[in-house]
Structure formats: C-alpha cells, structure tokens
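A short worksheet on the structure shown next.
Every number for a ligand or one of its atoms is a count from 1 in the order of the listing.
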Amino acid sequence: MIIRELSVDDLDACLRLAADREWSREERKWLFLLQGGEGYGVVDPEGELVATAILTRYGGRTAAISMVLVASRHGRQGLGGRLMSHVLDRARGATVFLNATETGRPLYERLGFQVASPAAMHLGTFTAKASGASRVASPQDLKAIADLDAEVIGADRSDLLRRFSDFAEQVRVIEDGRTITGYAGMWRNVSNTVIGPVIAADETDARRLIADLASQVDGPVRVEVQSERRELAEWLTGHGVAPGMRTSDMVVGGEPLPGDRSRFFAPVMSALG
Ligand SMILES: CC(C)(COP(=O)(O)OP(=O)(O)OC[C@H]1O[C@@H](n2cnc3c(N)ncnc32)[C@H](O)[C@@H]1OP(=O)(O)O)[C@@H](O)C(=O)NCCC(=O)NCCS
C-alpha cells in the first residue's frame with residue numbers, strides 16, 4: 001500500500017470509493033475540493049484507490065481535512081490512521097480542523113483532535129419568505145467579501161471565494177449603507193441545496209441572508225449549524241429546516257481557530273469551514 005497525491009483525474013476512483021461507503025455521488029463537491037486542495041490517497045498493490053483525504057490550507061496557520069474515507073474491505077486495519085497521520089504531517093504545524101461524523105470521531109480523537117463544537121446538519125424545505133434586505137453580489141464585491149471573510153476566518157480565502165462565485169448558485173451580500181457587513185452563498189449538491197457560507201454582523205442579518213437564499217430554492221436546503229447557535233437552529237427548525245445528522249467540529253494543533261467567530265454562522269461546506 002502506498003500513499004500518493006490525488007488529482008482531478010482520480011475523481012471517478014474517489015466516487016467509487018464514496019459509493020462503497022454509501023456516500024452519495026457528490027461529484028461537483030469532490031472536484032471543487034480536489035481543485036483547491038491537496039488530495040491524498042492510499043493505493044493497493046493492484047493500483048486501486050482504497051482511501052482518501054483532502055487537505056485545504058488557509059495560509060500557513062490553519063487547514064481543513066475532509067473526505068476521509070477507507071474502502072470497507074480495508075476498514076479497521078490502520079489505514080485511516082496512517083493516512084491521517086501523513087496528511088497531518090503535511091499540514092506542518094497548522095491548526096487543523098474538520099467536521100467529524102460519529103464514525104470518524106474515534107479515529108480523530110486518537111490523533112489528538114478535540115471537539116470544538118457539536119453541530120447538526122439541518123435539512124428541509126424552507127417555508128419563510130425572503131427578507132429583501134440583501135442583494136445579489138456582483139464581481140466588484142469580491143474584494144470586500146474576501147476582506148470581510150478574512151476578518152472572520154483569520155485567513156485569506158480570496159482564491160477559494162473566487163472559485164466559489166462560479167461554483168455557487170448565488171452569493172448575496174448585506175450592507176450597512178457604507179460597506180458589506182455580511183455575505184452568504186448557496187450551492188447545488190446531489191439532492192439538496194447547501195446554504196453556506198453565512199457570515200454576518202449578527203444573527204438577524206444571518207437569518208435575512210439565509211431567508212433570501214433559501215426562499216428561492218425549490219426543494220430541500222441544508223445548513224450546518226453549530227450547537228451554540230441555538231436560536232438560529234430553532235428558527236430554521238420552525239421554518240421547515242430541521243436538525244438531522246449530528247456531527248462534531250474538531251480541532252488539533254493547540255491554537256484555537258483564529259478570526260472573529262462571533263460573525264461565523266455557517267461553513268462554505270462541512271469540508272471547508
Ligand atoms: C472512519 C474511517 C475512515 C476509519 O478508517 P479505518 O481505516 O477503519 O481506521 P483505522 O483502522 O485506523 O481505525 C479504525 C479502528 O480499527 C482499529 N484497528 C486499526 N488497526 C487494527 C488492526 N490491525 N487490527 C484490529 N483493529 C485495528 C483501530 O484501533 C480503530 O478502532 P476503534 O474505532 O475501536 O478505536 C472508515 O471507517 C470510513 O471510511 N468510514 C466511512 C466514512 C466516514 O465516516 N468517514 C469519516 C468522515 S468524518
């Protein structure tokens with residue numbers, strides 16, 4: 001078994017591996033992550049991809065790990081641990097975060113990750129009306145969006161946000177008359193539309209942005225909400241978007257995540273924070 005870097009040419013093999021673990025065929029998401037991050041895979045002696053993980057760096061200080069998968073026939077043989085250790089070595093001292101399923105959590109705990117916040121994937125058809133307080137972002141807004149995002153996330157994600165503006169169905173901004181104080185996006189996944197990221201000055205604006213996006217969606221929307229956002233979770237639940245799968249946002253590396261997290265309401269996707 002060897003560990004090697006993955007490229008977009010490995011997309012089909014990644015999707016086969018995901019199907020083996022009954023993950024849905026999230027083709028666009030894999031592609032977005034492989035294009036913007038560093039994919040690592042374990043290949044068996046026959047050349048078959050049997051494990052994956054994707055590292056996305058935010059400057060030198062923080063990084064996210066996602067798409068951690070081991071083929072079921074190779075499970076519980078140490079492959080997941082070996083691949084994660086390799087990827088953590090590559091992260092070279094950055095604070096590394098990830099969103100763990102209940103299945104993945106013991107593996108990450110063994111590697112020193114700690115739960116920063118429990119979270120829940122809310123899913124359902126949104127029933128409230130648009131607020132009308134936000135507007136569709138234009139290409140000229142990208143700089144202001146990236147500056148705001150950097151304050152909240154503590155890293156320059158302008159490359160990611162540039163790619164996200166093509167990937168997303170829509171990005172909206174909210175202003176205080178002078179500057180952009182919040183932004184949010186939504187993107188199509190296999191069977192739902194993910195609302196994220198959501199960055200706003202306060203919860204009222206976060207709700208406005210979510211409402212202005214989600215009210216356009218015909219079908220289920222999905223939003224990842226951290227458990228300390230109890231009021232936001234209740235508001236979503238009251239408008240048809242109820243909590244489903246429980247997950248944990250986890251961190252390793254000593255330092256808490258940088259930035260001003262009081263304005264962070266939802267990740268771009270659980271893979272990216
Ligand atoms: C989560 C996942 C990646 C773990 O991969 P893995 O290769 O099975 O992980 P490891 O083998 O390193 O560790 C799993 C268990 O096997 C045990 N194990 C490792 N080597 C072993 C060996 N040689 N003999 C017996 N047990 C062994 C580990 O101690 C661990 O036990 P524990 O869960 O009771 O603590 C894998 O189960 C998976 O792909 N699940 C589906 C997708 C998923 O949920 N991914 C996580 C997303 S956040």
*asked:* Under 4.0 Å from a heavy atom of Y108: which atoms of ligand 1 are those, numbered in the order shown and with their elements?
replied: 46 (C), 47 (C), 48 (S)

*Taking the side chain as C-beta and beyond, is there a heavy-atom pair between L31 and E27 under 4.5 Å?*
no

*asked:* If we check side-chain contact (heavy atoms from CB on, under 4.5 Å) with R207, which of these qualifies: D202, L236, L232?
replied: L232

*Would E255 and R61 pass as an ion pair if we require N to O under 4.0 Å?*
no

*asked:* What protein heavy atom lies closest to atom 39 (O) of ligand 1? Include the residue and the distance to one decimal.
replied: V70 N, 2.8 Å

_Aromatic ring pairing F167/W187, orientation class (parallel under 30°, perpendicular over 60°, tilted between)_ = tilted

*Would you please indicate yes or no on a ring centroid separation below 6.0 angstrom for W235 and F126?*
yes

*Could you check V223, V225, N99 and say which one makes a side-chain contact (heavy atoms from CB on, under 4.5 Å) with M121?*
N99

*Going by the order shown, which atoms of ligand 1 are within less than 4.0 Å of some heavy atom of G75?*
8 (O)

*Which of the atoms in ligand 1, numbered in the order shown and given with their element, are less than 4.0 Å from a heavy-atom of L69?*
39 (O), 42 (C)

*asked:* Evaluate A100 for polar contact with ligand 1, using N/O atom pairs at a separation under 3.5 Å.
replied: no

*So, is G104 polar-close to ligand 1, with some N/O to N/O distance under 3.5 Å?*
no

*Are any of the N or O atoms of T101 closer than 3.5 Å to those of ligand 1?*
yes

*Between K143 and D147, is there a salt bridge with N-O shorter than 4.0 Å?*
yes

*asked:* For atom 19 (C) of ligand 1, tell me which residue out of S270, G78, G80 has the closest non-hydrogen atom.
replied: G78

*Closest candidate by heavy atom, reference atom 23 (N) of ligand 1, pool Q77, E22, R105*: Q77

_Nearest-contact summary for atom 42 (C) of ligand 1 - protein heavy atom, Å_ = W23 CZ2, 3.6 Å

*R4 to Y40 six-membered ring, cation-pi geometry met (6.0 Å, 45°)*: no

*Who's the nearest protein heavy-atom neighbour of atom 37 (O) of ligand 1, and how far?*
R21 NH2, 3.5 Å

*Per-atom contacts of ligand 1 with G81, taking only distances under 4.0 Å to non-hydrogen atoms*: 12 (O)

*Which heavy atom in G39 sits nearest to a heavy atom in L34, and how many Å separate them?*
CA-CD2, 4.2 Å

_Taking a cutoff of less than 4.0 Å between a non-hydrogen atom of the residue and any ligand atom, is N99 in contact with ligand 1?_
yes

*Do NZ/NE/NH1/NH2 and the carboxylate oxygens of R172 and D141 come within less than 4.0 Å?*
no

*So is there a nitrogen or oxygen of V68 less than 3.5 Å from a nitrogen or oxygen in ligand 1?*
yes

_Per atom 22 (C) of ligand 1, closest listed option by heavy atom (R110, E109, M84, R76)_ = R76

*To which protein heavy atom is atom 4 (C) of ligand 1 closest, and what is the distance rounded to 0.1 Å?*
L107 CD2, 4.0 Å

